[in-house]
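Please read the structure below before turning to the comments.
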Amino acid sequence: QVQLVESGGGLVQPGGSLRLSCAASGFFFNIHGFGWYRQVPGNQRELVAGITVGGSTNYGDSVKGRFFISRDNAKQMVYLQMNSLKPEDTAVYYCIRRIGAAPFGTWGQGTQVTVSS
């Protein structure tokens with residue numbers, strides 16, 4: 001059974017940091033790219049960061065220089081390090097496989113990130 005389970009969200013003050021984790025199971029991890037997306041109620045999901053099989057990364061314009069995606073093939077984990085957080089980063093964050101630039105598979109529960117003083 002394919003599973004991607006996000007964790008690490010929470011409440012953080014503006015300027016703070018969080019690291020999100022995505023635990024993958026049920027498929028051959030090493031042959032997939034992954035992406036972190038986020039969604040605010042009433043808005044479409046938007047790409048935050050993507051990482052390819054080879055480790056190449058890309059980022060949404062609003063997070064460039066602040067967020068960093070990484071993967072650990074041995075642990076079958078994908079991470080999102082979020083620094084200099086802003087209130088507008090508040091959203092539910094989702095991890096998903098990607099084929100090329102497109103999300104692939106079923107969306108999980110996500111993890112809530114709230115940036116507020």
Side-chain angles (χ1 to χ4, degrees):
Q1 180 183 359
V2 173
Q3 280 195 314
L4 289 164
V5 180
E6 304 94 341
S7 63
L11 173 64
V12 62
Q13 291 188 342
S17 298
L18 279 177
R19 189 175 83 151
L20 304 184
S21 298
C22 174
S25 61
F27 61 95
F28 192 15
F29 183 90
N30 294 18
I31 65 170
H32 288 278
F34 294 90
W36 283 97
Y37 292 74
R38 66 187 181 187
Q39 187 172 27
V40 175
N43 290 5
Q44 289 188 338
R45 276 192 186 96
E46 63 169 349
L47 174 70
V48 176
I51 188 165
T52 67
V53 170
S56 297
T57 58
N58 67 294
Y59 297 92
D61 288 342
S62 62
V63 306
K64 283 180 182 176
R66 299 188 298 123
F67 289 14
F68 301 94
I69 188 172
S70 61
R71 62 189 292 162
D72 185 330
N73 289 348
K75 295 181 180 179
Q76 300 195 137
M77 297 288 293
V78 184
Y79 302 102
L80 184 68
Q81 178 65 42
M82 306 188 295
N83 302 323
S84 302
L85 283 160
K86 304 175 181 179
E88 51 264 43
D89 295 318
T90 296
V92 178
Y93 284 71
Y94 301 89
C95 170
I96 197 164
R97 290 179 289 177
R98 298 177 85 196
I99 295 180
F104 168 73
T106 303
W107 296 97
Q109 297 293 317
T111 185
Q112 174 72 48
V113 172
T114 302
V115 185
S116 175
S117 54

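Computed from a prediction, not measured in an experiment: that's the story for all the values here. By convention here, the first residue in the shown sequence is residue 1. Every heavy atom of this structure was used, including side-chain atoms; hydrogens, water molecules and symmetry mates were not.
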P14 and S116 have their tightest heavy-atom pair at CD-C, 3.6 Å

Heavy-atom pair of closest approach, residues G8 and T111: N-OG1, 4.0 Å

Is there a path of hydrophobic side-chain contacts, each under 4.5 Å between heavy atoms of I, L, V, M, F, W or Y residues, that connects L85 with V40? no

Are any side-chain N or O atoms of R66 and backbone N or O atoms of S84, one a donor and one an acceptor, separated by less than 3.5 Å? yes

How many angstroms lie between atom CG of L47 and atom OH of Y94, to the nearest 0.5 angstrom? 15.0 Å

Mind listing the closest non-hydrogen atom pair of S25 and Q76 along with its distance? CA-NE2, 4.4 Å

Where S21 and W36 come nearest, the two heavy atoms and their spacing: O-CH2, 3.6 Å

In L20, I69, L80, the residue satisfying side-chain contact (heavy atoms from CB on, under 4.5 Å) with V48 is L80

Working to the nearest 0.5 angstrom, can you tell me the gap between Y59 OH and F68 CZ? 6.5 Å

Might you work through the salt bridge (Lys or Arg N to Asp or Glu O under 4.0 Å) test for D89 and K86, ending with a clear yes or no? CA-CA 5 Å; D89 295 318; K86 304 175 181 179; over 6 Å; no

Would you say Y79 ends up clustered with I96 if hydrophobic residues are merged whenever their side chains have heavy atoms under 4.5 Å apart, either directly or through other cluster members? no

More than 12 heavy atoms of other residues, nucleotides or ligands under 6.0 Å from CD of E88: is that the case? yes

Mind listing the closest non-hydrogen atom pair of D61 and K64 along with its distance? OD1-NZ, 3.1 Å

In Å, rounded to the nearest 0.5 Å, how long is the span from CE of M82 to CZ of R19? 11.5 Å

Could you check if a side-chain atom of L11 sits within less than 4.5 angstrom of a side-chain atom of Q112, using non-hydrogen atoms only? no

I'd like to check V12 versus S17 (side-chain heavy atoms, cut-off strictly below 4.5 Å). Are they in contact? no

Check step by step if side chain to side chain contact (heavy atoms under 4.5 Å, CB included) holds for E6 and V92. CA-CA 10 Å; E6 304 94 341; V92 178; over 6 Å; no

Drop me the distance from S70's OG to Q81's CD, to the nearest 0.5 angstrom. 8.5 Å

Could you check, using the six-membered ring where one of them is a Trp, whether W107 and Y37 have ring centers closer than 6.0 angstrom? yes

Rounded to the nearest 0.5 angstrom, the CZ-CZ distance for R45 and R38 is 13.5 Å

To the nearest 0.5 Å, how far apart are CZ in F27 and CD in Q3? 10.0 Å

Heavy-atom count check: over 12 atoms from other residues, nucleotides or ligands less than 6.0 Å from Q109 CD? no

So is R71 actually on top of F34's ring, under 6.0 Å and inside 45° of the axis? no

